Number of protein chains: 2
Amino acid sequence: MRPKLEDVAKRANVSKTTVSRVLNNRGYLSQETITRVYQAMKELNYQPNIVARQLYQKKTQLIGLLFPTIANPFFGELSAELEKRLYNEGFKVLIGNSMNDPKKEADYLNQLLSKQVDGLIVGTHNQGIKEYNYEHLPVVAIDRNMNQDIPVIESDNYAGGVLATTYLIEQGAKKIIHTNGPITLDSPTKRRRLAYEDTMRQHGLTPITVTLDFNIPYHEKKQILTQIFYDHPDLEAIFASNDIDAALIMQIALELGKKLPADLLLVGYDGTKVIQNILPNLTTIVQPIEAIAQTAVDVLKARLNDRPTESEYVLPVSLKKGTT
Amino acid sequence: MRPKLEDVAKRANVSKTTVSRVLNNRGYLSQETITRVYQAMKELNYQPNIVARQLYQKKTQLIGLLFPTIANPFFGELSAELEKRLYNEGFKVLIGNSMNDPKKEADYLNQLLSKQVDGLIVGTHNQGIKEYNYEHLPVVAIDRNMNQDIPVIESDNYAGGVLATTYLIEQGAKKIIHTNGPITLDSPTKRRRLAYEDTMRQHGLTPITVTLDFNIPYHEKKQILTQIFYDHPDLEAIFASNDIDAALIMQIALELGKKLPADLLLVGYDGTKVIQNILPNLTTIVQPIEAIAQTAVDVLKARLNDRPTESEYVLPVSLKKGTT
DNA sequence: TTGTAGGCGTTATCAT
DNA sequence: ATGATAACGCCTACAA
């Protein structure tokens with residue numbers, strides 16, 4: 001059997017209270033008692049039961065992270081940064097990859113309501129659960145508008161779109177195509193598209209956005225992207241809404257015998273460390289993952305301590321110039 | 001205040017026991033009572049407190065995952081696969097990125113001993129904690145020999161090394177260099193190196209392994225790799241012990257004006273989905289991430305139920321032929 | 001400086 | 001078919 005406080009108490013000839021005090025460094029203790037208690041704990045190989053403590057304290061020191069999937073480098077790196085910071089604040093991290101499954105999302109949200117976690121950092125759509133009143137719940141959203149009551153942390157997607165488009169125009173490109181996901185409500189990439197289209201028009205250019213559905217298989221996506229080059233032989237540049245698509249476009253361009261940047265200018269989006277390592281030449285809009293993580297943690301802490309927060313935090317993006 | 005069982009009981013004019021029974025579908029209940037209780041739960045917006053339940057059940061249904069960092073695509077994808085499977089088995093996942101910090105590793109191991117988690121899947125070195133007796137603890141290691149008592153799941157690193165080297169030799173290369181991390185005790189990449197060196201010798205070729213320290217900065221690494229081309233102008237092929245290094249080598253070769261595969265053959269290692277997407281042409285040894293995850297979960301379940309397990313599970317790797 | 005007793009919210013045993 | 005009660009292991013008023 002696992003020893004409990006009581007067992008330690010008996011062996012040290014003191015009460016449970018005293019052992020608890022030794023354990024938590026509270027109140028007055030004689031040095032002798034302290035030594036005896038530690039001795040007993042060691043002999044019994046005692047480990048306090050965290051769950052019992054959590055029940056009493058009504059806190060778990062656990063924060064739930066809910067993202068589509070940490071297999072995606074953006075969410076993987078973000079989760080790692082969040083975990084690091086939360087750990088330093090005394091929290092551990094419970095992770096959920098929703099895979100866009102509303103049932104799973106609801107289940108993880110439920111963790112919060114069941115007091116399994118003290119707070120939640122959410123980066124999914126949570127389609128079905130909007131009706132819940134989150135007003136005083138310690139929840140923070142990243143790049144998603146869940147609900148008016150939930151503060152949102154996001155990088156400046158509109159500015160990113162402007163930055164990318166302006167850069168391409170400055171490089172002399174006129175025929176610039178943008179690839180983006182389907183127009184979903186309030187998705188962050190939607191603002192990148194908007195910025196692209198606005199910027200193009202402001203420069204008297206015609207925006208052309210090619211839609212890539214999120215869930216289409218690799219080969220179909222490649223097919224659609226390849227088609228772009230045939231449909232637009234005078235194409236000068238592409239602004240892709242994420243680096244994975246940019247990588248694929250790079251690939252296709254090379255296969256078609258095009259040289260970057262001579263025959264095609266290319267700008268991606270996200271700028272994760274992984275991609276920066278693997279494709280150091282790719283010009284891309286870099287999201288400030290560390291700042292996002294830090295802000296999310298700060299805001300969550302504010303919510304946990306009933307301090308007021310802004311309802312929105314917009315962080316600046318930057319252009320990383322590669323050779324594409 | 002959060003309502004508890006007792007509040008629901010009062011409102012429904014029944015006892016706590018009855019409410020608990022309704023909640024857990026146990027024993028005999030009249031339909032009328034069931035309805036009344038559900039009604040009361042709804043009115044009070046009742047959510048059971050998981051922690052209290054955990055205390056009684058002495059189980060948390062939480063599994064800890066301990067890896068260097070999920071920001072690395074291999075661990076990110078592996079963690080995602082593990083989470084998916086554990087979730088389907090009714091577990092949630094607590095994640096720790098040890099960042100090779102022994103203190104943090106020890107802390108997360110402690111979660112297990114404090115009953116915060118029911119089991120642990122570990123992919124870190126856990127240097128300082130070997131002395132602990134894990135004999136009956138539900139711990140599974142991935143690619144790491146922690147301790148004789150802990151079952152290890154790993155892909156066949158030696159076979160992977162043979163596969164890569166043999167492939168390069170079959171393609172006609174004779175001067176083949178291998179890049180690998182420092183020789184640490186029992187690291188999985190060590191067996192890749194061993195296989196490379198054995199295979200080279202078996203074919204009458206001289207193995208040359210270039211050591212890349214794990215923590216050196218990007219530019220220094222690039223420097224070392226670039227140097228290889230100058231030191232070995234007759235170089236025909238490189239077998240890199242991971243895809244990130246392979247990507248960098250690819251990069252350098254292109255910068256030096258070399259064409260792959262004409263001027264250089266290149267094989268990487270890991271074959272994560274991310275890399276397969278971004279560098280579809282890279283020839284690489286693919287680790288069976290899904291099978292590793294499934295095996296780890298199966299073995300952990302066995303340990304949790306006191307069923308016997310093997311002490312080692314070796315899963316097959318495969319060669320993905322690209323154009324490098 | 002140390003101990004007693006009650007509570008954290010749930011579940012299960014044993015009655016009724 | 002339902003209820004009273006004790007337990008899970010810890011922590012803290014309050015008392016001594």
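Values reported hereafter were calculated over all heavy atoms of this structure, with side chains retained and with hydrogens, waters and symmetry mates removed. We name chains A, B, ... by the order of the sequence lines, and we start the count at 1 in each one. Since the model is a prediction, treat every value here as computed from it, not as a measurement.
Residue B/T33 places no side-chain atom within donor-acceptor reach of the base of D/dT2, judged by atom type and a 3.5 Å distance cut-off alone. Residue-to-nucleotide contacts include a donor-acceptor pair under 3.5 Å from the side chain of B/T17 to the base of C/dA12. The base of C/dG9 is not paired with the side chain of B/R2 by any donor and acceptor separated by under 3.5 Å.
Where B/S15 and A/S20 meet DNA chain D, the nucleotide closest to each residue was compared, and B/S15 sits on the side nearer the 5' end. The residue among B/R26 and B/L55 whose nearest nucleotide of DNA chain C is located toward the 5' end is B/L55.
Taking atom OH of A/Y56 as the reference point, atom C1' of C/dG6 lies 9 Å away to the nearest angstrom. Atom CD of A/Q31 and atom P of C/dT2 are 11 Å apart (whole Å). At whole-Å resolution of the value, CZ in A/R21 and C1' in C/dT1 are 8 Å apart.
For the pair A/K104 and B/Y87, the cation-pi test (distance below 6.0 Å, angle within 45°) is passed. At least one test fails for B/K301 against the ring of B/F91: distance under 6.0 Å to the centre or angle within 45° of the axis.
Closest approach to the A/Y46 side chain among D/dA1, D/dC10, C/dT13 is made by D/dC10 (side chain taken as heavy atoms from C-beta onward). Distances were taken from every side-chain heavy atom of A/N24 (C-beta onward) to each of D/dC11, D/dG3, D/dA6; the shortest belongs to D/dC11.
A/K16 comes within contact range of at least one nucleobase, with a heavy-atom separation under 4.0 Å. A/V14 comes within contact range of the sugar-phosphate backbone alone, with a heavy-atom separation under 4.0 Å but no base atom that close.
To the nearest 0.5 Å, atoms OH (A/Y46) and CG (A/L5) are separated by 3.5 Å.
Between B/E81 and B/R85 a salt bridge is recorded (basic side-chain N to carboxylate O distance below 4.0 Å).
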